[in-house]
2 protein chains.
Amino acid sequence: MRWEDIDSQVCSMARALAIFGDRWTLLIVRDAFRRIRRFSDFEKSLGITKHRLSDRLNRLVDEGVMKKALYDEKRGRYEYRLTQKGLELYPVLMSVVQWGDKWACDDDGFPVEFRHKTCGHVSVPRYVCDCCNEPIDPRDMQPIPGPGVERKRARGELVQNEHSRNM
Amino acid sequence: MRWEDIDSQVCSMARALAIFGDRWTLLIVRDAFRRIRRFSDFEKSLGITKHRLSDRLNRLVDEGVMKKALYDEKRGRYEYRLTQKGLELYPVLMSVVQWGDKWACDDDGFPVEFRHKTCGHVSVPRYVCDCCNEPIDPRDMQPIPGPGVERKRARGELVQNEHSRNM
DNA sequence: TCTATAAGGTTCTTTTTTGGAACCTATCGC
DNA sequence: GCGATAGGTTCCAAAAAAGAACCTTATAGA
């Protein structure tokens, strides 16, 4: 399968990764969360080539993850900012950072921690069930087909077992 | 910067993405969570070429995210299973899936939901502060340098402002 | 006025990485 | 013996990425 067809899978993960699952995109989003907004600042921060950066920023704008905002009318200069769609990538970034802190760290320890302004403490956010508030253990999560699968199945659009690859 | 040097950044995210931030790896891990274990089953599920799959599985084993387990001594056949390091990618996958459910969905709705066996309810896990249990808003999280940055800075190893790209 | 510089790109060329298909090897069931 | 199966490897063409050079407009400074 070509990567560009990956989002044809009935799988939210495949469709999400079609947008940000390449080499640089998530690092660009990371920088955007760090309030980097201008082309040249992304360039300096990432060490990415202009070509690639231009391409990735445009793609993020096309996908609605970032938006351009004019900041210099004379020269037609735009900043790149996260949209709501982009802001909601925060849990993705946070979980990647936490995993990296634990498993891809050098001997000096993790590079950064976070203070939760609301309560004032250094926080290590955790994933909990929105119902019982208990931390999630993968073995306790049982996948069940949602509407996106049931409706397609009712219309006979799914090949055998395709519903089983729908995480 | 070459992608293969990306993990030299003092950034947990860059170092994590150096391991699983390419096109296929996270989809392979997804399948592993779905109890797919054998080469040919990954191949069928993903539509990836053998070449690529072999390469990615070996890399995951090298990185300690998966391990090989002999299941047919005669033929020297191995299964690929997640290690603890791999199992702890669950929040990453889950947050990607949730984002995809919300933002990369077709009109039929999300393909899958999850029942939390512990409490018996359909659950949408969320990130909360481990201190005050409130849901996390990105704007409330203030990054502060951790030991991985402070120690390097004390040894004079950081160039100006490098600590500021350490998420 | 002339020149230099900066931002935000685009173009060109070379390397790397993919995708796709064909091929290989050992064992098993018949 | 004969085809099927699992788990690869090899080869080649196509796509994507890296690196450098170049372009355009505007503004700052000599």
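Reminder, nothing fancy here: chain letters follow the sequence lines and each chain counts from 1. Only a predicted model underlies this, so the values are computations on that prediction, with no experimental measurement involved.
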Using a 4.0 Å heavy-atom cut-off across all strands, classify [X] as base, sugar-phosphate, or nothing.
{"X": "A:S54", "answer": "sugar-phosphate"}
{"X": "B:F42", "answer": "nothing"}
{"X": "A:K74", "answer": "sugar-phosphate"}
{"X": "B:Y71", "answer": "sugar-phosphate"}
{"X": "A:R77", "answer": "base"}

Notebook entry, point to check: Any cation-pi pair here, B:R37 with B:Y71, using under 6.0 Å and within 45°?
Noted result: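 Relative to the ring axis of B:Y71, which defines the angle, B:R37 lies outside at least one limit.
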Checklist line | Lys/Arg cation over aromatic A:F42: A:R56, 6.0 Å, 45° cone | finding: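 Not satisfied by the 6.0 Å and 45° rule.
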Margin query: If you only use heavy atoms from C-beta on, which nucleotide in D:dG7, D:dG19, C:dG19 is closest to the side chain of B:W24?
Written below: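 That would be C:dG19.
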Note to self: Can you identify which nucleotide, out of C:dG8, D:dA18, D:dG7, has its nearest atom closest to the B:F39 side chain?
What the structure shows: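 Comparing C:dG8, D:dA18, D:dG7 against the side chain of B:F39, the answer is D:dG7.
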Next item on the list: Identify, between B:E79 and B:W3, the residue whose nearest nucleotide on DNA chain D lies closer to the 5' end.
Entry: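 Final value for this comparison: B:E79.
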Whole-Å gap separating [atom2] ([N]) and [atom1] ([X]):
{"X": "A:L53", "N": "C:dA7", "atom1": "CG", "atom2": "C1'", "result": "12 Å"}
{"X": "B:R59", "N": "D:dG8", "atom1": "CZ", "atom2": "P", "result": "16 Å"}
{"X": "A:L46", "N": "D:dG19", "atom1": "CG", "atom2": "P", "result": "14 Å"}
{"X": "B:K50", "N": "C:dT25", "atom1": "NZ", "atom2": "P", "result": "15 Å"}
{"X": "B:R23", "N": "D:dA17", "atom1": "CZ", "atom2": "C1'", "result": "10 Å"}
{"X": "B:R37", "N": "D:dG7", "atom1": "CZ", "atom2": "C1'", "result": "18 Å"}
{"X": "B:N58", "N": "D:dG8", "atom1": "CG", "atom2": "P", "result": "7 Å"}
{"X": "A:H51", "N": "C:dT15", "atom1": "NE2", "atom2": "P", "result": "18 Å"}

Notebook entry, point to check: Would you find a donor on one side and an acceptor on the other, under 3.5 Å apart, between the side chain of A:K152 and the backbone of A:G148?
Noted result: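 Flag set: sc A:K152 to bb A:G148 pair under 3.5 Å.
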Next item on the list: Could you tell me whether the side chain of A:W99 and the main chain of B:K85 form a donor-acceptor pair under 3.5 Å?
Entry: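 A pair under 3.5 Å: yes.
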Next item on the list: Please tell me which of B:R52 and A:G76 maps to the more 5' nucleotide of DNA chain C, matching each residue to the nucleotide holding its nearest heavy atom.
Entry: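 Its nucleotide being nearer the 5' end, the pick is A:G76.
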Next item on the list: On DNA chain C, check which nucleotide each of A:R2 and A:S40 is closest to and give me the residue with the more 5' one.
Entry: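 The residue closer to the strand's 5' end, by nearest nucleotide, is A:S40.
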Check: Taking B:T118 as the fixed residue, which of B:H116, B:H121, B:R115 is the one that meets the side-chain hydrogen bond (donor to acceptor under 3.5 Å, both in side chains) rule?
Finding: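 Running side-chain hydrogen bond (donor to acceptor under 3.5 Å, both in side chains) over B:H116, B:H121, B:R115 with B:T118 returns exactly one hit, B:H116.
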